[in-house]
Amino acid sequence: MGAGISSALMLVGAAAGWQESGRGPRLRQLFGNYRGQDIWAILRKMKSTDDGQGFLGFEEVQELLCLKAPSMLFLWDIFSQQNELFAAKELLTVACVFSSALLEEKARFLHAVFDLSGRGLGTGSEVASICLMVLSVLGKVTGAMAKAKEVTPQLMIELEQLVPPYASSFRVRAMVSARIEESPEMQKKAQEVMQKVSRVLNERVSQEQGGGLPDDDEPFDLDDPGLPLRPRDNILLRRDSRCIMFDSFALGRQFPEVDIDPRLVFDNPTIEQLSQAILEAPKAQRTRSVESASTKEPGAANSAPFTQLTDVAGAEARCEYHAQEAADLFRRSTDGVQSRLLPACRAQIGDDTFASSRENEGPSHYVELSSFLMDVEPVSIAAYARFLNLTTPTQEELFDWCLLPVDDPRCCHVPLIEGPEGWQVKPGVPPNWPMILVSWWGANAYSLWAHGEDCHSYKSTAKSFLPTEAQWEYAARGPETKQFPWGDEEATPELLNVNWDATAYDSKGNVAAHVAAPLEELPLCGVNTLLGMSPFGLRGMAGNVWQWCRDTYHTNFYMSSEATQPDAWNCEEEEGTLKSERGGSWVGPASLARSSYRRGRHPGAKGRCLGFRCCGPGRLVESRVAL
């Protein structure tokens, strides 16, 4: 809590004492990985097992925090009461103070812990209790007691500034209430909004608990004791971060004229406060509807027609490849993506001849490849939204595939939003952009579905329609071992989309500037843009986005005998293994877009520069083509 805690530390003991005891750094090490969602999870778990006594035993604390014995003994030695019990509020304060949660989050959390009424109305005595507990914790950590009278006023001032339920919000609420009381129309509107918010949240909680609410046309008592959430109940004590994210999606469908994201729920953690925030929120300014953004057919210079399906109407569950004008070109029935049939061949894979080659790219070797159907372009955002609407994944699957926790700073770059008609491309984002922030699991799920298989078996490589590394590399550069899809000529902006600003990289070769850019301003190109063109006419085979491959990634795989087997790929499936990615992206330099460049990531990883394309067996169509 800012200057207040700093003041407390100065009064509790000298900096030397803090370091000499070793307690502060050790506690920061224990709880430093805890974020806002983690401390709220501890509070929810504690309340679910609360016996009303306010103290916890050794085993209860160990189960709550999942700490190993040495860490537990360290914690127990500092804070337990005569080595027997741990005060519940003190434990929560310790976890909060030494966590890496944001300052505002810590303030809201401590307010919830000490809020005796449960109505979010904080009293002066509760504020003082928070301050004294913080001081007590810091005193035990440094081995001395603080002068509470000197520090408490500063902490109280900061809490009043940080926590909405205190004085400042009382003034705002009074002004809003006065306006509502003066206008019968406003009173009616406020009641309607609160009814809608309460219904959305309580229906979601009730469904998860196997219950339900009255029909939509039946009003209900907002203060009914049988409701899971009443107007002044703290939502954060009942809902974890994932639930709150989906709550915000549901509220967005109910109030499409307002921009509602999970942060709004965190900042207004009761139905009463949330309803007021929605009522007072400015109406969203949209230049085009969500529907038009996800169904518009992009047209741009130097682009091919965009053929991927974006509408769920007439969706086909059975996968068929329909012949196009070119003899080796086909269009997949499930998603409209075009695929090119590459005949069986003896492909040279890897590269150990160029100065830029890395050890993991060699030795160069030959692989006998059966014919295969390679997608002409990566899967688009609009196509992935359609896939989600047709498969209706669970919350767990959505977070495995393409969603992020609410405290992830990349949430603003997730390109999808759940609207009134299901998942849609976010307004202002080109629907023909490649799908990004998709994990290997999410890419594999799509590939299975697109080929008529069960998308819920997405964590296994036993069946997958992502290209193997060998298939991808051959499709990128063709029969000749060239550095890039177009040959050995120098890379230029006319040939691929990568980061050309050498000054943008840090010492590790990463670009950080894009993190602050709005989603619609990311330097991505549409999947149908004629860049990164391979000898087979495949688009995006260098730059724009990295692409997941089927293989488990291993640095030395090319040195193994398995690498030279027919249709070789690394099928290892041990826990913790990485998955391969190829092609380079808009984040990195052109050197990473070389056709033989390879690296790996965890299958659950998601990146703003990471997408995918699919690949099917040639036998699906080769009977119709003279190979």
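No experiment lies behind these values; they were computed from the predicted model shown. Residues: numbered from 1 along the sequence shown.
With hydrogens and angles disregarded, no donor-acceptor distance shorter than 3.5 Å links the side chain of Ser439 to the backbone of Gly604. Looking only at distances, no side-chain donor or acceptor of Asn432 sits under 3.5 Å from a matching main-chain atom of Val527. A donor-acceptor distance shorter than 3.5 angstrom exists from the side chain of Asp375 to the backbone of Cys614, with no hydrogens or angles considered. For the pair Arg539 (side chain) and Leu530 (backbone), a donor-acceptor distance under 3.5 Å is absent. Listed for the Asn360 side chain is no donor-acceptor partner under 3.5 Å among the backbone atoms of Arg599. Remark: side-chain polar atoms of Arg550 are not paired, donor with acceptor, to backbone N or O of Phe465 under 3.5 angstrom. Checked by atom type and distance alone, the side chain of Ser100 pairs as donor or acceptor with a backbone atom of Tyr34 at under 3.5 Å. Side-chain atoms of Gln324 come within 3.5 Å of backbone N or O of His322 as a donor-acceptor pair. Under a 3.5 Å cut-off, the side chain of His456 and the backbone N or O of Asp454 do not form any donor-acceptor pair. Side-chain atoms of Thr552 come within 3.5 Å of backbone N or O of Glu572 as a donor-acceptor pair.
By the 4.0 Å N-to-carboxylate-O rule, Lys459 lies close enough to Asp400 to be salt-bridged with it.
Using bins of under 30°, 30° to 60° and over 60° for the plane-to-plane angle, the ring pair Tyr474/Phe536 lands in the tilted bin. The aromatic rings of Tyr321 and His451 are tilted relative to each other, their planes meeting at an angle between 30° and 60°. Using cut-offs of 30° and 60° for the angle between ring planes, the Tyr446 and Phe612 rings count as perpendicular. Between Trp486 and Phe484, the two ring planes are parallel [angle under 30°; tilted spans 30° to 60°].
In this structure, CZ in Arg477 is found 12.5 Å from OG in Ser534, a value given to the nearest 0.5 Å. Separation of atoms CG (Leu519) and NE2 (His413) is listed at 6.0 Å; rounding is to 0.5 Å. For the atom pair CD (Glu473) and CZ (Arg582), the distance works out to 4.5 Å, reported to the nearest 0.5 Å. Here the straight-line distance linking atom OG1 of Thr461 with atom CH2 of Trp569 works out to 4.0 Å at 0.5 Å rounding. Note that CG of Leu538 and CE of Met541 are 5.5 Å apart. Values are rounded to the nearest 0.5 Å. For the atom pair CG (Leu466) and CG (Leu448), the distance works out to 8.0 Å, reported to the nearest 0.5 Å.
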Please report the C-alpha distance between Gln308 and Asp335 in whole Å, then the side-chain angles of each, then the deciding distance to 0.1 Å, and finally whether the side-chain contact (heavy atoms from CB on, under 4.5 Å) criterion is met. CA-CA 6 Å; Gln308 299 185 26; Asp335 58 1; over 6 Å; no

Test log, rule side-chain contact (heavy atoms from CB on, under 4.5 Å), inputs Ser560 and Asn570: CA-CA 10 Å; Ser560 68; Asn570 188 355; over 6 Å; no

Working for salt bridge (Lys or Arg N to Asp or Glu O under 4.0 Å), residues Arg598 and Glu361: CA-CA 7 Å; Arg598 53 192 298 267; Glu361 297 175 39; over 6 Å; no

Could you walk me through whether Gln547 and Arg613 satisfy the side chain to side chain donor-acceptor pair (under 3.5 Å) test, starting with their C-alpha distance in whole Å, then the side-chain angles of each, then the deciding distance to 0.1 Å, before giving a yes or no? CA-CA 7 Å; Gln547 294 162 43; Arg613 72 178 72 212; 2.7 Å; yes

Could you go through Ile436 and Leu522, starting from their C-alpha distance and side-chain angles, then the distance that decides it, and tell me whether this counts as side-chain contact (heavy atoms from CB on, under 4.5 Å)? CA-CA 11 Å; Ile436 57 173; Leu522 294 182; 4.3 Å; yes

Val379 and Phe387: CA distance, side-chain angles, deciding distance, side-chain contact (heavy atoms from CB on, under 4.5 Å) verdict: CA-CA 11 Å; Val379 172; Phe387 155 67; over 6 Å; no

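When all heavy atoms of Pro431 and Ser380 are compared, the pair lying nearest together is O-CB, 3.5 Å. Minimum heavy-atom separation, Ala443 to Val438: N-CG2, 3.7 Å. The shortest heavy-atom contact between Leu341 and Ser371 is CD1-CB, 4.3 Å. Contact detail for Ile39 and Ser99: the closest heavy-atom pair is CG2-CB, 4.1 Å. Across Asn528 and Phe306, no two heavy atoms sit closer than the pair ND2-CB, 3.8 Å. Across all their heavy atoms, Leu369 and Ala347 have their closest contact at CD1-CB, 3.9 Å.
Tested against Trp401 for a ring pair (Phe, Tyr, Trp, His ring centres under 6.0 Å), the candidates Trp440, Trp548, Tyr458 yield a single pass: Tyr458.
Around the NZ atom of Lys463, the shell of radius 6.0 Å holds no more than 12 heavy atoms that belong to other residues, nucleotides or ligands.
Taking the side chain as every heavy atom from C-beta outward, Ser580 and Trp472 never approach each other to under 4.5 Å. The shortest distance between side-chain heavy atoms of Ser364 and Asp351 does not fall below 4.5 Å. Under the 4.5 Å side-chain criterion, counting only non-hydrogen atoms from C-beta, Cys412 is not in contact with Pro518. For the pair Ser333 and Arg318, the minimum side-chain heavy-atom distance is 4.5 Å or more. Between Trp441 and Lys579, the closest side-chain pair of non-hydrogen atoms is not below 4.5 Å. The side-chain heavy atoms of Glu581 and Tyr553, taken from C-beta on, include no pair separated by under 4.5 Å. Looking only at side-chain heavy atoms (C-beta outward), Arg340 and Leu329 come within less than 4.5 Å of each other. Leu592 has its side chain within reach of Trp546: a pair of non-hydrogen atoms, C-beta onward, lies under 4.5 Å apart.
For Phe249 and Trp423, the gap between ring centers is short of 6.0 Å.
A donor-acceptor pair shorter than 3.5 Å cannot be found between the side chains of Thr394 and Glu396. No hydrogens or angles considered: nothing links the side chains of Thr307 and Gln338 as a donor-acceptor pair under 3.5 Å.
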